[in-house]
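Data first, discussion second: the structure below is written as structure tokens.
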Amino acid sequence: MSEHLHSIPAFPPKPGYWLSTTEKILHPVLSLFKSLYRLPAYLRWWIHRTFSPPQSSLQSYRYSPLGLPRNIRVLVLHAGLPEQDIHCSLREISLDNVSHYEALSYTWGDPSEIRRIMCGDASLDVTVNLHSALRHLRHVYSERVIWADAICINQKDLKERESQVQLMADVYSKASKVNMWLGEDMEGVADAFQAIRWVRSWFPKGNPSTIMQEMSPADIDKKLNDMRFLLSSGKGLEVQRLLLPLGPFLCRTWFTRKWVIQEIVKARNGLLVCGSLSLPWSELQDAMAYLKYTRAYILFFSVGVEIPVESLDQIPFIETMKNTDAAFTVDQILYLTRRFSVTLARDHVIGILGLASNIDADDLPILANYEASTPEYFKIFLQWSIEKNKNLDCLSLGFDQANINDPSSPSWMPDVRSWDRQPGMPRSMCGFKATLDSSPTVSFPPESSHFKITGTVIDQIASLGEAPRDNSDLDFARTGDDHQDNITISQLISDRDSDWLSECKSIATSDSNAPDSPGFPSFCRTLIWNMPGTNHTYSEDQLSNIFTQWMHETETGIQDQSAPYIDPVVLSFTSTFSHGRRFARTEQGRLGSMPIFSAVGDKICLLKGGSLPYVIRPRGDGTFMFIGDCYLDGVMYGEAMVEGREMEQFTLV
């Protein structure tokens, strides 16, 4: 640990007060040499400015069609000084016979703010951020060959865009280096890079995913104890000041862009570039992965160093994809990357095609589609997903599955704007088998926004509560306390919306569902969706005791000091699975957790091939609006799939 105590930079750094005699002598010589070195560049600039026509009089660049399916264009960035105009040319190469080139990963920025560059004898308009990246990446005295999508792909040719997007994974994997442009150098970037290097130095060299399997719990505890001691020592304030720039740095737009996932995972050599500063991607990736895997980030929170929770999820996920053989399907990646942003809704899918284990060469032309309208595209995607996976998991991708607030879109089209609000475990991956091992029976009529699916109505919503407010009191990471074994119920739910719980109780309470009756365990299971996928198991009596105490303390405000301590996973699941859901009782007395747009009178059905029940709404013309999936206690494992149950075909619009 002592090496880390002594490696903390002084604050502020001590400036030099004088130059040595040698430096004084060499300084004018070096300046002259630098000027002579730049002389040819200045000469080229002067000749060009003197004899070339102004950019405003040049025609816009016209793309020639690419020769072969696996050909791409690369940008030859001509040498120049920072203050000079950007000049380039485009060259066509084959990915099957690759010459040296680098790739650029960046955010486009505001498309209305453009700059003009020279491409051959014509001009090209690029966004301000791309212009800035090219200006900084340009060499003074030699050409640099770069692939940048906005220039190297004819963006006005939808067919070319579709074919080139299918090659993206190869483009980035075959590049000698991927420059990850974060924008201009701003205050705090150098300090953030220093903080990243310092964090990385705490942990062993090598891939975190591999190293963590080799480290014993005792090794991890020693690392955390050393860090905890340092933070509480006389060096604690200096460490805090060292780490503070991390949060603002990780909030840069580039880290939220969905396309960067594929670009990073496929890169052989990634370099973060911010103005004139750079840092190997592996430094940041490994630092964030170790912070997540060891839970060391909790110690940072305890001293006021805020690291975006999204970064703690997203960057370690990228590390896992990059450094392990773990395979992820399209649906899994869509869920795990739900908080990344895109400009076009379809890019949530197209941007990850090169990463999914269940995508093959025949699937790419189907899903890399920019010509279809948005509803048409998602109909294509749903049809592909259902036929490929033989299930209806794609109907559970979103938080608000129904897009009923947009009458121009079909109700079954995922509301991708809500995806980033979905917490916890994906519902389609909870291990439920509501229709057992049945296969979907679906038809997609051409030239129609409808589709038909086979299933059966099993119940109807009779009463319905409101959705609870967002609840952050279960976010232990922000408390700075990594010892959460001994927590009382009152401590966990101190900020919980008591009105919501009381409303759930009133809906559940009836002759068959009273707190002291055998139906009360159903109430408990519904609140936590039966705790799917957790290793923590509780008997029905234990769950009943937990929620009985919860309701008692909520209603009376009196804490039972003799109450047993509980594992916080119980209320964590309550927060996760009740978030954005409405507690309900059905006509047949079942209890359920329904989509937020549900209404009394909506039908609850089983659709063949679905792992969950679904809520649909009759429209009065024989068709139905799709509202979303739900939890309905007593039917989640095929109990309602009785032999001889009549099936019918529903038309979802």
Using 4.0 Å as the upper bound for N to carboxylate O, is an ion pair formed by [Y] and [X]?
X      : Y      : answer
Asp621 : Arg619 : yes
Asp629 : Arg581 : yes
Asp363 : Lys388 : yes

Do you know which two heavy atoms are closest between [X] and [Y], and how far apart they sit?
X      : Y      : value
Gly580 : Ile596 : O-CB, 3.4 Å
Tyr63  : Ile153 : OH-O, 4.0 Å
Glu371 : Arg346 : N-NH1, 4.2 Å
Asp362 : Pro365 : O-CD, 3.5 Å
Asn154 : Arg161 : O-CG, 3.9 Å
Thr374 : Ala345 : CG2-CB, 4.5 Å

Taking the side chain as every heavy atom from C-beta outward, state whether [X] and [Y] have any atom pair closer than 4.5 Å.
X      : Y      : answer
Tyr172 : Trp147 : yes
Ser593 : Cys630 : no
Val615 : Met594 : yes
Gln166 : Leu353 : no
Met321 : Lys266 : no
Leu591 : Phe583 : yes
Cys605 : Pro613 : no

(request) Ignoring hydrogens and angles, state whether a donor on the side chain of Ser385 or Asn389 is under 3.5 Å from an acceptor on the partner side chain. (result) yes

(request) Go through the side-chain N and O atoms of Tyr106 and Asp149 and say whether any donor and acceptor fall under 3.5 Å apart. (result) yes

Determine all donor-acceptor pairs shorter than 3.5 Å in which one atom belongs to a side chain in residues 457-467; sequence neighbours excluded.
unit_1 : atom_1 : unit_2 : atom_2 : d
Asp459 : OD1    : Thr586 : OG1    : 3.4
Asp459 : OD1    : Glu587 : N      : 3.4
Asp459 : OD1    : Gln588 : N      : 3.3
Asp459 : OD2    : Thr586 : OG1    : 2.7
Asp459 : OD2    : Arg590 : NH1    : 2.7
Gln460 : OE1    : Lys603 : NZ     : 2.6

Close aromatic pair by centroid cut-off 6.0 Å: [X] and [Y]:
X      : Y      : result
Phe626 : Phe624 : no
Tyr631 : Trp529 : yes
Trp412 : Phe451 : yes

N/O donor-acceptor pair under 3.5 Å between [X] side chain and [Y] backbone:
X      : Y      : result
Lys379 : Ser448 : yes
Arg70  : Asp96  : no
Arg645 : Ala640 : yes
Thr435 : Lys608 : no
Arg73  : Ile93  : no

(message) Out of the candidates Ile352, Ile350, Ile264, only one should pair with Trp259 under the side chain to side chain contact (heavy atoms under 4.5 Å, CB included) rule; please name it.
(response) Ile350

(request) Apply the side chain to side chain contact (heavy atoms under 4.5 Å, CB included) test between Ile333 and each candidate in Thr329, Thr337, Leu336; give the one that qualifies. (result) Thr337

(request) First locate atom CZ of Phe650, then atom CD1 of Ile453, and finally report the distance between them rounded to the nearest 0.5 Å. (result) 9.5 Å

Name each donor-acceptor pair under 3.5 Å that joins a side chain in residues 311-318 to protein atoms two or more places apart or in another chain, with its distance.
unit_1 : atom_1 : unit_2 : atom_2 : d
Asp313 : OD1    : Lys292 : NZ     : 3.2

(message) Determine whether Trp108 and Asn129 satisfy the following criterion, side chain to side chain donor-acceptor pair (under 3.5 Å), listing intermediate values before the conclusion.
(response) CA-CA 6 Å; Trp108 280 31; Asn129 194 44; over 6 Å; no

